[in-house]
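All remarks here apply to the structure that follows.
The chains referred to below are lettered A, B, ... by the order of the sequence lines, with proteins before strands, and numbering in each begins at 1. Note that the coordinates shown come from a computational prediction; the quantities given were computed from them, not determined experimentally.
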Amino acid sequence: MNLASSVGLSTKPSLPSLHSLLNSYIESRNRKQALLLFRQLLEYNVKPNDLTFSLLLKACTSSSSSSSSSALNSVNVKRDANQIHTHLLKSGVDRFMYVSTALLDLYMKLGCVRNAHRLFDDMPDRDVVSWNALICGFSRNGCDFEALKLFVQMCKEGFFPHQTTLVSLVPSCDLEAAEHLFEEIVEKSVVSWNTMIGAYGQNGFFDEAMLAFKRMQEENVPANLVTMVSLLSANADPESTHCHATKTGLVNDASVITSLICQYATRRNTESGKLLYKSLPQKNLVSLTALMSSYTEKGDLFQVMSCFAHLQQLEMKLDAVAMVCILHGMKDPMGFCLGLAFHAYGLKSGLSADSLVANGLISLYSRFDKIETAFSLLSEIHEKTLISWNSLISGCVQAGRPSDALEVFFQMKMSGHSPDAITISSLLSGCCQLGYLQFGERLHNYILRNNHEVEDFVGTALIDMYIKCGRIEHAERVFKSIEEPCLATWNSMISGYSLYGLEHEALACFSEMQNQGIKPDKITFLGVLAACTHGGLVQEGRKHFQIMREQFNMVPDLQHYACMVGLFGRAGLFEEALMFIRNMEMEPDFAVWATLLSACCIHQEVKLGEYVARKLFFLDSNNGGFFVLMSNLYAVKGMWDEVARVREMMRESGGDGCSGISVIEMTSLEDMNVNLSSSKSSLNANAWQPLLSLY
DNA sequence: ATAGGGTTAG
């Protein structure tokens with residue numbers, strides 16, 4: 001390839017002319033051209049100086065590849081940085097501190113922490129700027145402890161920390177230390193305030209973020225667009241922030257608009273999001289992605305697609321993030337077809353090579369039980385991240401193939417990844433499906449031994465696993481070890497007690513939860529009502545149903561109604577049950593009537609039972625469950641002719657009444673094969689072999 | 001120097 005023509009040079013260039021060319025590449029963010037020019041300069045035996053390197057490094061740092069969000073992570077840039085490093089040493093320009101510092105900064109931005117550190121160690125002299133680049137780099141790459149250690153070392157060596165260094169250290173500290181650092185800053189600039197607001201927000205201290213913002217206003221430091229963005233990501237109220245941004249003129253900024261769209265989306269307000277997007281003078285992909293994501297959350301596929309049409313009208317192209325967002329919205333069969341079309345778009349545009357998009361595709365295919373496709377997608381990812389593995393593991397579990405999930409988990413371990421909270425909670429939920437207590441216990445041990453935090457998700461999954469595997473006392477122990485259980489954790493425990501017929505424990509748990517200031521949701525009430533039903537606590541059930549509607553303004557779902565019908569029916573209060581069904585705000589479904597029929601069986605109510613069975617037949621004649629119930633009801637009353645008639649109807653309708661499968665825990669591979677080789681489960685004994693000796 | 005859209009989980 002002719003390098004000269006590719007960068008438009010035909011004669012030996014002078015250094016100043018090369019520098020001005022490099023400057024133009026920096027402006028157009030063209031890393032590749034800048035490097036080509038540099039290579040050509042070497043071919044022409046022009047000696048680069050410190051400015052040449054400085055410009056070249058700037059071109060690398062500011063480079064933005066066409067679409068991928070992970071531009072700076074690419075292997076290519078890392079390779080280029082290493083080459084520049086070599087030439088830097090060869091030419092002796094590394095004696096210029098500012099050039100070495102620029103390279104150090106690039107290494108840090110690429111995540112090459114070790115290279116950066118070595119470069120720093122090799123530097124003959126350091127100044128505050130190079131120290132800052134090093135400390136800031138460690139902090140940005142999540143090496144918080146290192147960053148703090150270096151900060152101390154820097155102070156020991158007599159350097160006075162600059163405000164920048166202090167700011168960059170804030171994310172490395174826990175919050176209290178950050179506050180101390182912050183108070184150390186005498187002249188607090190907008191940037192310092194923004195950093196503190198951001199730190200509060202990222203740690204979930206939303207009230208503190210708001211307080212810091214108020215203090216900042218009191219001290220007459222004017223907010224800028226970063227303040228708005230940080231506030232919004234600290235869950236600030238979108239309306240009042242919107243108001244503030246409008247008054248200060250900051251609402252004209254695209255990133256503020258994007259953040260507002262997102263924050264309105266958390267309140268399910270897509271209408272304001274749409275208006276904000278429309279107000280943008282320059283449409284851009286990031287804001288549009290935020291808007292699409294708000295529609296995705298709401299399940300409004302039509303609006304997602306019209307956003308996509310809008311994007312095409314503007315002749316914009318999707319990038320990886322936008323693609324992932326769209327794929328995430330494909331949740332029904334129609335969506336799956338569209339998802340396939342977007343897979344094709346990804347293949348044509350090259351986007352599907354991005355591991356982000358590949359992960360999104362894996363979840364898409366698993367959502368529709370296409371596990372084989374998901375498997376092959378994973379195998380094609382070159383740099384498999386933990387998220388890629390997790391996507392497939394959770395995909396298998398969701399598709400009802402927990403043993404495949406375990407197989408993938410084993411492969412993941414082999415490839416050198418350690419499970420995180422998401423891996424573990426997915427696997428635990430897979431254990432529930434298999435009733436595989438032993439493996440669940442191993443995961444629990446793994447969590448304890450590796451000091452994994454038993455946080456919301458893992459804690460809830462553990463409790464669920466123990467409950468579904470018959471060990472309520474273990475579930476209780478886990479529950480009691482959690483200091484501040486979240487709503488889902490409380491819900492698990494309440495419905496667990498209810499499942500075991502421990503209605504008083506369930507109700508005690510419910511009131512304890514409210515004492516702790518946790519607001520119940522619909523799932524909580526499902527557990528509470530089920531507890532009342534199981535325990536025959538009619539009055540308690542009535543009371544809680546009323547509390548749910550009147551005190552918490554919730555509209556009951558069909559499941560809540562079914563629960564109540566069961567409560568009345570089991571107590572023999574058939575008139576109340578029927579009145580209740582008549583007064584429902586929605587059409588009773590199969591489950592509601594089936595609950596009543598089952599109560600008829602208990603109380604041998606043949607006449608009502610026949611009436612209900614007819615209802616059920618018209619609602620869903622393919623669901624044969626009510627045949628069995630009816631047949632049992634007649635049998636209890638000794639009405640054998642009727643039993644025979646029902647059995648005959650059952651045969652005619654094709655229902656065999658025995659499609660259930662029981663799974664019991666297997667303690668050896670032989671057991672497993674015996675128990676499951678003939679069932680629907682895709683359990684693969686070979687996959688389990690290594691697991692048994694895993695820990 | 002501080003920041004904007006996204007994926008995996010109960």
Side-chain angles (χ1 to χ4, degrees), chain A residues 69-70 105 129 132-133 135-136 139-140 162-171 189-199 201-202 224-234 253-263 265 273 277 284-294 296 318-329 354-364 366 385-395 397-398 419-430 432 455-465 485-492 523:
Chain A
S69 52
S70 49
D105 196 48
V129 183
N132 183 47
I135 293 171
C136 187
S139 164
R140 258 203 310 240
H162 188 253
Q163 199 207 88
T164 320
T165 321
L166 291 178
V167 165
S168 78
L169 272 173
V170 168
S189 66
V190 206
V191 178
S192 348
W193 283 105
N194 291 349
T195 307
M196 208 54 224
I197 293 172
Q202 279 151 29
N224 66 11
L225 63 100
V226 179
T227 322
M228 292 296 109
V229 170
S230 306
L231 261 186
L232 286 163
S233 56
D253 180 83
S255 17
V256 175
I257 289 181
T258 307
S259 300
L260 277 170
I261 294 175
C262 292
Q263 199 50 29
Y277 180 80
N284 71 86
L285 184 59
V286 175
S287 307
L288 185 61
T289 308
L291 185 61
M292 285 202 288
S293 158
S294 73
T296 305
L318 292 179
D319 70 357
V321 177
M323 175 71 107
V324 162
C325 166
I326 289 178
L327 293 176
H328 187 60
D354 192 307
S355 71
L356 220 70
V357 175
N359 297 344
L361 286 168
I362 289 174
S363 343
L364 172 77
S366 341
T385 61
L386 186 56
I387 294 181
S388 320
W389 289 102
N390 283 349
S391 301
L392 188 53
I393 289 172
S394 78
V397 172
Q398 275 166 31
D420 68 354
I422 295 180
T423 327
I424 292 167
S425 34
S426 301
L427 288 171
L428 282 168
S429 115
C432 294
E455 41 64 84
D456 294 349
F457 274 94
V458 171
T460 311
L462 266 175
I463 291 170
D464 251 13
M465 183 275 292
C486 70
L487 177 61
T489 312
W490 285 102
N491 285 351
S492 275
I523 298 174

Which of the following nucleotides, [options], is nearest to the side chain of [X]?
X        : options              : answer
A/Ala290 : B/dG5, B/dG4, B/dT2  : B/dG5
A/Thr489 : B/dA3, B/dT2, B/dG10 : B/dG10
A/Asn390 : B/dT8, B/dG4, B/dG10 : B/dT8
A/Ala488 : B/dG5, B/dG10, B/dT8 : B/dG10
A/Ser429 : B/dA3, B/dG5, B/dG10 : B/dG10
A/Ala461 : B/dG5, B/dG10, B/dG4 : B/dG10
A/Ser394 : B/dG5, B/dA9, B/dT2  : B/dA9

Rounded off to whole Å, could you give me the [atom1]-to-[atom2] distance for the [X] and [N] pair?
X        : N      : atom1 : atom2 : result
A/Ile424 : B/dT8  : CD1   : P     : 18 Å
A/Ile261 : B/dG4  : CD1   : P     : 15 Å
A/Glu455 : B/dG10 : CD    : P     : 12 Å
A/Leu285 : B/dG5  : CG    : P     : 13 Å
A/Ile393 : B/dT7  : CD1   : P     : 19 Å
A/Leu231 : B/dG4  : CG    : C1'   : 14 Å
A/Leu260 : B/dA3  : CG    : P     : 18 Å
A/Ile387 : B/dT8  : CD1   : C1'   : 6 Å

*Is the backbone of A/Val226 close enough, under 3.5 Å, to the side chain of A/Ser230 for a donor and an acceptor to pair up by distance?*
yes

*Between A/Ser355 and A/Ala358, is there a donor-acceptor pair closer than 3.5 Å when you use the side chain of the first and the backbone of the second?*
no

*Donor-acceptor pair (no angle test) under 3.5 Å: A/Asp319 side chain, B/dG5 base*: yes

*Checking only heavy atoms, does the side chain of A/Thr289 share a donor-acceptor pair with the base of B/dG5 at less than 3.5 Å?*
yes

Please work out if [X] contacts a base, only the sugar-phosphate, or nothing of the nucleic acid, heavy-atom cut-off 4.0 Å.
X        : answer
A/Leu225 : base
A/Val324 : sugar-phosphate
A/Asp456 : base
A/Gln263 : nothing
A/Val229 : sugar-phosphate
A/Cys486 : base

_Results of side chain to side chain donor-acceptor pair (under 3.5 Å) for A/Asn224 - residues two or more places apart only_ = A/Asn194, A/Thr227

*Can you name the residues that form a ring pair (Phe, Tyr, Trp, His ring centres under 6.0 Å) with A/Tyr277, not counting sequence neighbours?*
A/His310

*asked:* Within the 3.5 Å criterion, strictly below it, is a donor on A/Ser492 or A/Thr460 matched to an acceptor on the partner's side chain?
replied: no

*Establish, with yes or no, whether the OP1 or OP2 oxygen of B/dA9 is under 4.0 angstrom from a side-chain nitrogen or oxygen of A/Gln398.*
yes

*State whether the number of non-hydrogen atoms from other residues, nucleotides or ligands found under 6.0 Å of A/Ile523 atom CD1 is greater than 12.*
no

